[in-house]
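Have a look at the structure below before the remarks.
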Amino acid sequence: MEIGLVGLGKMGGNMRERLRNAGHTVVGYDTNPERADVDSLVELVDRLERPRAVWVMVPAGGATQHVIDQLATLLKPGDTVIDGGNSRWTDDEKHAEELGKRGINFVDAGVSGGVWGLKNGYALMVGGDKETVDDLKPIFDALKPDGPYGYVHAGKVGAGHFSKMVHNGIEYAMMQAYAEGWELLEKVDSVDNVREVFRSWQEGTVIRSWLLDLAVNALDEDHHLEKLRGYADDSGEGRWTVEAAIDNAVPLPAITASLFARFASRQDDSPQMKMIAALRNQFGGHAVESAKK
């Protein structure tokens, strides 16, 4: 299958490679010309045969809106735009309506996998009408992990990004639990090998997970996380999850508390946030801040 891909950063670039490895034709565009296959969105669209499919993989908000506004003028009825960034689900509904007036299809895809996706595949949560989603299935099959799991047509437009938002809210809470446990272990005198305690949990325990594996990776690289500043940003999806919970009267005490813990990292050099920062760097390649000397 042939597809255009806009945004060739940490995830987009690896997605292009994974798709090509599966035999698909990918025409990539990025504002960084060293990454791009073409010089402009106009050239990208011209290189694709109709009906075209263009996957947008740029930051949520203004950047995504700008690309979709441009594609709306370049694509033709029957073409499809896939937003694979971390857009808010309410933006999906707006984009679908705007593009639909021009006869252009819209699909939203929540994508999880970070910098490990090229090797392991990406978990995909997709929203859109069945016919359009089915037409794109070869692309989704190439990106997803091997095996029967890792892809879901979650529902109508917005369902993919809403599902990914909830996924990230759960991720917040899980990382916070590991971070709190790590800090307590580091605090007491009786435990003198916290890293190996974490490693011992990787087999045979109910708390084993990929996040735990990544925590061990981080501790192998920096035994007490002394090189990191206890600061961790929030991407916005944790906030959206809490807002959606309020709107729907669904209690989310663990996820809400984990979001507030991120805010605490803005105030002091939080030990817990060292672990959160380390985990975000491990699974997503997110930037970390060095500890002040």
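The basis for the numbers below is simple: all heavy atoms, side chains too, and nothing from hydrogens, waters or symmetry mates.
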> For Asp108 and Trp89, what are the C-alpha separation, side-chain angles and deciding distance, and is it a side chain to side chain contact (heavy atoms under 4.5 Å, CB included)?
Replying inline: CA-CA 8 Å; Asp108 61 290; Trp89 80 96; over 6 Å; no
For a quick test of your reading: what N or O donor-acceptor pairs under 3.5 Å do the side chains of residues 2-10 make, sequence neighbours left out?
unit_1: Glu2; atom_1: OE1; unit_2: Glu49; atom_2: N; d: 2.8
unit_1: Lys10; atom_1: NZ; unit_2: Gly285; atom_2: O; d: 3.0

> Below 4.5 Å, heavy atoms only, C-beta onward: do Asn86 and His161 meet side chain to side chain?
Replying inline: no
>> side chain to side chain contact (heavy atoms under 4.5 Å, CB included), that's the test. Do Asp79 and Val54 meet it? Break it down for me.
In response: CA-CA 8 Å; Asp79 293 342; Val54 180; over 6 Å; no
>> In this structure, would Ile139 and Met125 fall into the same cluster of hydrophobic residues linked by side-chain contacts under 4.5 Å?
In response: no
> Salt-bridged, Glu243 to Arg239, with N to O below 4.0 Å?
Replying inline: no
> Counting distance only, does the side-chain N/O of Arg18 pair as donor-acceptor with the main-chain N or O of Leu118 below 3.5 Å?
Replying inline: yes
> With the 4.5 Å side-chain cut-off for hydrophobic clustering, are Phe283 and Val115 part of the same group?
Replying inline: yes
>> Under the side-chain hydrogen bond (donor to acceptor under 3.5 Å, both in side chains) test against Glu98, which residue among His95, Lys94, Arg102 passes?
In response: Lys94
>> Would you compute the distance between atom CG of Asp213 and atom CG of Leu279 and round it to the nearest 0.5 angstrom?
In response: 10.5 Å
>> Assess the residue pair Ile246 and Val242 against the criterion (side chain to side chain contact (heavy atoms under 4.5 Å, CB included)); give the C-alpha distance rounded to whole Å, side-chain angles, the decisive distance to 0.1 Å, and a yes or no.
In response: CA-CA 6 Å; Ile246 293 170; Val242 172; 4.2 Å; yes
>> Are the side chains of Leu124 and Leu143 in contact, using a 4.5 Å heavy-atom criterion?
In response: yes
> Should the pair Glu186-Lys274 be classified as a salt bridge under the 4.0 Å nitrogen-to-oxygen rule?
Replying inline: no
> How far does CG of Leu136 sit from CD1 of Ile82, to the nearest 0.5 angstrom?
Replying inline: 4.5 Å
>> Contact between Asn168 and Thr241 at the side-chain level, heavy atoms closer than 4.5 Å - yes or no?
In response: no
>> For a quick test of reading the model, state the closest non-hydrogen atom pair linking Leu185 to Val191 and the distance between them.
In response: O-CB, 3.9 Å
> So, Ser290 side chain and Leu228 main chain: donor-acceptor pair closer than 3.5 Å or not?
Replying inline: no
>> Run the side chain to side chain contact (heavy atoms under 4.5 Å, CB included) test on Asn105 and Leu99 for me, step by step, so that the C-alpha distance in whole Å, both residues' side-chain angles and the decisive distance to 0.1 Å come before the verdict.
In response: CA-CA 7 Å; Asn105 305 311; Leu99 292 171; over 6 Å; no
>> Within this structure, what is the CZ-CG distance for the pair Arg35 and Asp30, rounded to the nearest 0.5 Å?
In response: 5.0 Å
>> Looking at Glu97, I'd like to know if its CD atom is crowded, meaning that more than 12 non-hydrogen atoms belonging to other residues, nucleotides or ligands lie closer than 6.0 Å.
In response: no
>> Does Asp146, at its CG atom, have more than 12 non-hydrogen atoms belonging to other residues, nucleotides or ligands within less than 6.0 Å?
In response: no
> Could you state the interatomic distance from CZ (Arg208) to CD (Gln202), rounded to the nearest 0.5 Å?
Replying inline: 11.0 Å
>> Does His66, at its NE2 atom, have more than 12 non-hydrogen atoms belonging to other residues, nucleotides or ligands within less than 6.0 Å?
In response: no
> Given side chains that start at C-beta, do those of Met175 and Met275 come closer than 4.5 Å, heavy atoms only?
Replying inline: no
> Distance only, no hydrogens: is a donor on one side chain within 3.5 Å (strictly under) of an acceptor on the other, for Glu221 and Asn217?
Replying inline: no
> Do you reckon Trp116 sits in the same ILVMFWY cluster as Met174, going by side-chain contacts under 4.5 Å, direct or chained?
Replying inline: yes
> Is the shortest heavy-atom distance from the side chain of Leu71 to the side chain of Val45 under 4.5 Å?
Replying inline: yes
>> Quick one about Asp83 and Ser87 (side-chain donor to acceptor, distance below 3.5 Å, no hydrogens or angles considered), yes or no?
In response: yes
> Is the shortest distance from a Lys or Arg side-chain nitrogen in Glu196 or Arg199 to a carboxylate oxygen in the other one below 4.0 Å?
Replying inline: yes
> When you check the gap from the basic side-chain N to the acidic O, do Arg20 and Asp37 get nearer than 4.0 Å?
Replying inline: yes
> Got Val111 and Trp55 here, is their nearest side-chain heavy-atom distance under 4.5 Å?
Replying inline: yes
>> For the backbone of Val194 and the side chain of Trp182, can you confirm whether one donor and one acceptor N or O come within less than 3.5 Å of each other?
In response: no
> For the atom pair CG (Leu44) and CG (Asp39), what is the distance rounded to the nearest 0.5 Å?
Replying inline: 11.0 Å
> Parallel, tilted or perpendicular: which fits the ring planes of Tyr178 and Phe198, with parallel below 30° and perpendicular above 60°?
Replying inline: tilted
>> Is the shortest side-chain heavy-atom distance between Leu184 and Glu180 below 4.5 Å?
In response: no
> Can you tell me if His24 uses its side chain to pair, donor with acceptor, with the backbone of Arg16 under 3.5 Å?
Replying inline: no
> Within the side chain of Asn281, is there an N or O that forms a donor-acceptor pair under 3.5 Å with the backbone of His286?
Replying inline: yes
>> I'd like to know if the side chain of Thr256 reaches the main chain of Pro253, judged simply by a donor and an acceptor atom lying under 3.5 Å from each other, with no hydrogens or angles considered.
In response: no
>> Rounded at 0.5 Å granularity, tell me how far CD1 in Ile276 sits from OH in Tyr172.
In response: 10.0 Å
